[in-house]
Amino acid sequence: MPCTTILIGKNATYDGSTIVARNEDSPSGEFCAKRLEVMKPEDQPKVYKSVLSHVEIPLPETPFQYTYLPNSDTVEGIWGAYGVNEKNVSMTATETLTTNARVAGGDPLVRYKKAEGNEPETVGGIGEEDMVTITLPYISSAREGVERLGMLLETYGTYEMNGIAFQDENEIWWLETIGGHNWIAKRVPDNEYVVMPNQLGTDSFDLEDAYGKKENHMCSPGLKKLIQENHLDVRMDSEEEFNPRTAFGSHEDADHVYNTPRAWVMLRYFNPRTFAWDGPEAEFGPEDDDLPWSLVPEKKITLEEVKWILSNYYQGTPYDVYGKDAKAGKYRPIGISRNNALGLVQIRPYMPEDLKALQWVALGSNVFNAMIPVYPGVDKMPEYLSKAYVKPTTENFYWVNRIIGALADAHFYENQSNIERYQLSADRKVYEMIRKFDQEFQEKEPEDKKAFFEAANQEISDFIQEKTTELLDKVLFTSSCLMKNGFSRSDA
């Protein structure tokens, strides 16, 4: 999936939480309805079979309960996207990555081939469709997530290059697949944030640590052999730090239009004074291959800033997709028409275990939607968020946002004020509601915790349903008045 990811260490966030957020986007010309669901241990499969690759994987007997964001139409599999398990560990999968021919030739991807004539089918490896389902229910920490998924990649292989984040209250780890069976993983520094825009992004890696203490780096056992046999180490000086981006990544013309500008605009926003980002004297431009993978932000990062940057369409730059500059629309925006979902997990270390994790979700194009929180410790999510609708309806959070975005886009500036008011009012209210529910839970811990959280989630869902329907009404009216077949004179 074409996606955009941001990872924020606990000392770089406004409240000391770890924050992991990712847009799941559909490929060009496609849209995919998503929903927020809960998988109970008794419903988790004992043997998992991939729809796309046909690989079968026996699973451990004792899964944890977890949330996930599956496709509404599961004809191509579950595509769980992101979630939180009952141990307050999260996973987001995946950020599709690019690579180079030497990696692809040295460790070929494990692709499915259907049976032809007397030749039986060749089972493929695992991919984005599968990873949440076969990993998240079986891990108690972010580090365990890396170890489990690494084992699965080594055992079954993969048919695509992907980046995956694991998160607990103390650590965030970022794993990147390298070819069909190899992988690297790096711990996000506590005082830094990471930006990932569909390219292999890690720009420094300590192989000695990965093969030794594994404090901040891990990798597959065969990685060194892959590097040596395929001459992937392109450093001029062996004393320089190893750079996975130059060794394993791609630097094609398409990257400079589709990928690197998204990293540039994110870094530019969180570190506006650290470097010169604009004009002929810029230290980093939108097509530069050496943009930093991580930086210490100039100030601590808030949730609303994460939502804003994952909705970004290059506003404030010559590349604004709604602008009049000759460069408008040159680069692929982060907030794009085919955003399926924004999934953000905030794990709050200052809260008791039952309140640590908040799962934030926005559905549809992020330019026009709002992000709301839910408590993951429930057996079911509100129907407005969870029911599978594969056809348009105004009774579903994904579909109503799709409709609003399609109506508002053609008349962006005329609809902009109503969109902004909706987003601001939603932000204010959901923060108020979360404070209220947190306080109520701590003052008098409810006997039935799941019932408490389900009622809280329903109240949040009811609020956002009412406000989103009101926004649809306003956008529909404004856009209807601006239709091409309108006429100023009436018969009144």
Side-chain angles (χ1 to χ4, degrees), residues 1-5 21-37 68-73 79-82 92 262 303-304 306-313 315 321-322 332-344 359-374 381-412 415-416 418-427 430 460-476 478-479:
M1 286 284 190
C3 307
T4 310
T5 299
R22 180 175 66 92
N23 287 347
E24 184 197 277
D25 308 332
S26 290
S28 181
E30 296 180 22
F31 299 88
C32 180
K34 303 292 289 190
R35 56 197 175 91
L36 183 60
E37 265 288 7
Y68 64 118
L69 200 79
N71 291 356
S72 289
D73 185 349
W79 297 78
Y82 88 122
T92 185
R262 284 182 279 154
L303 293 170
E304 54 267 33
V306 175
K307 170 61 170 71
W308 187 88
I309 200 61
L310 289 180
S311 307
N312 187 273
Y313 50 89
Q315 57 267 50
V321 300
Y322 296 107
R332 189 267 207 207
I334 299 172
I336 198 168
S337 60
R338 44 193 168 85
N339 293 138
N340 300 331
L342 188 169
L344 182 153
Q359 188 164 1
W360 297 75
V361 61
L363 301 178
S365 178
N366 289 340
V367 177
F368 307 100
N369 66 17
M371 183 174 72
I372 62 167
V374 293
M381 289 292 174
E383 189 172 290
Y384 188 61
L385 305 177
S386 65
K387 189 171 180 179
Y389 287 99
V390 297
K391 297 294 182 182
T393 173
T394 57
E395 297 301 311
N396 174 263
F397 195 40
Y398 169 83
W399 280 109
V400 73
N401 283 315
R402 270 281 305 279
I403 294 167
I404 288 169
L407 289 171
D409 180 83
H411 308 289
F412 179 77
N415 283 296
Q416 189 176 27
N418 282 326
I419 299 290
E420 288 178 351
R421 289 190 192 105
Y422 162 76
Q423 292 170 332
L424 288 170
S425 65
D427 284 349
V430 297
I460 295 169
S461 176
D462 290 344
F463 159 75
I464 201 66
Q465 183 171 6
E466 177 185 353
K467 293 302 178 184
T468 308
T469 302
E470 288 177 5
L471 176 64
L472 173 61
D473 183 49
K474 292 174 182 177
V475 169
L476 179 59
T478 299
S479 297

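This chain uses plain numbering: 1 for the first residue, then up along the sequence. Predicted model, so just to flag it, every value in this text is computed and none were measured.
In this structure Y68 satisfies the ring-ring contact (aromatic ring centres under 6.0 Å, His included) test together with Y66, sequence neighbours excluded. Residues passing the side-chain contact (heavy atoms from CB on, under 4.5 Å) test with A33 are S72, Y398, W399, sequence neighbours excluded. Every side-chain contact (heavy atoms from CB on, under 4.5 Å) that I403 has, sequence neighbours left out, goes to T394, L407, L472. Partners of R338 by salt bridge (charged side-chain N to carboxylate O under 4.0 Å, His left out), not counting sequence neighbours: none found. Scanning for side chain to side chain donor-acceptor pair (under 3.5 Å) contacts around E470 gives an empty result, with sequence neighbours left out. In this view, T5 and L7, R22, E95, W174, M196 satisfy the side-chain contact (heavy atoms from CB on, under 4.5 Å) rule, not counting sequence neighbours. Evaluation of the side chain to side chain donor-acceptor pair (under 3.5 Å) rule for D427 yields no partner, not counting sequence neighbours. In this view, Y389 satisfies the ring-ring contact (aromatic ring centres under 6.0 Å, His included) rule with no residue, not counting sequence neighbours. Every ring-ring contact (aromatic ring centres under 6.0 Å, His included) that F397 has, sequence neighbours left out, goes to Y384. Applying the side chain to side chain donor-acceptor pair (under 3.5 Å) test to R262 and every residue at least two apart in sequence or in another chain returns T4, N198, N259. Applying the side-chain contact (heavy atoms from CB on, under 4.5 Å) rule to A362 yields the partners K307, L342, N366, N369, M371; only residues at least two apart in sequence or on another chain are considered. Taking the ring-ring contact (aromatic ring centres under 6.0 Å, His included) definition, one finds that F31 meets it with nothing, sequence neighbours left out.
R332 has its side chain within reach of P2: a pair of non-hydrogen atoms, C-beta onward, lies under 4.5 Å apart. The shortest side-chain heavy-atom distance between T469 and D473 does not fall under the 4.5 Å cut-off. Looking only at side-chain heavy atoms (C-beta outward), I372 and W360 stay at 4.5 Å or farther from each other. In this structure the side chain of L36 reaches within 4.5 angstrom of the side chain of V374, judged on heavy atoms. Annotation: side chain of I419 is not in contact with side chain of F412 (no heavy-atom distance under 4.5 Å). Between N415 and F368, the closest side-chain pair of non-hydrogen atoms is not below 4.5 Å. Counting heavy atoms from C-beta outward, M381 and R35 have side chains that stay 4.5 Å or more apart.
Atom CG in D409 sits 7.5 Å away from atom OG in S337 (nearest 0.5 Å). Of the inter-residue distances, the one linking Q465 atom CD with D462 atom CG reads 6.5 Å to the nearest 0.5 angstrom. Here L344 contributes atom CG and L310 contributes atom CG; the two are 8.0 Å apart, rounded to the nearest 0.5 Å. A distance of 5.0 Å separates SG in C32 from CG in N340, rounded to the nearest 0.5 Å. Atoms CD and CG, on E466 and L471 in that order, are 12.5 Å from each other to the nearest 0.5 Å.
Other residues, nucleotides and ligands contribute at most 12 non-hydrogen atoms within 6.0 Å of the CD atom of E383.
A pairwise comparison of heavy atoms in T468 and V400 identifies CG2-CG1, 3.4 Å as the closest pair. For L385 against S461, the heavy-atom pair with the smallest separation is CG-OG, 4.4 Å. The two residues V367 and G335 have their closest heavy-atom pair at CG2-O, 3.6 Å.
With K34 contributing its side chain and L69 its backbone, the two residues share a donor-acceptor pair below 3.5 Å. Q315 contributes a side-chain N or O that, together with a main-chain N or O of Y313, makes up a donor-acceptor pair within less than 3.5 Å. Looking only at distances, a side-chain donor or acceptor of S425 sits under 3.5 Å from a matching main-chain atom of Y422.
Salt-bridge annotation for K391 and D73: absent, with no side-chain N of the basic residue lying under 4.0 Å from a carboxylate O of the acidic one.
For the residue pair K387 / N396, no side-chain donor-acceptor distance below 3.5 Å is found, with atom types taken as modelled.
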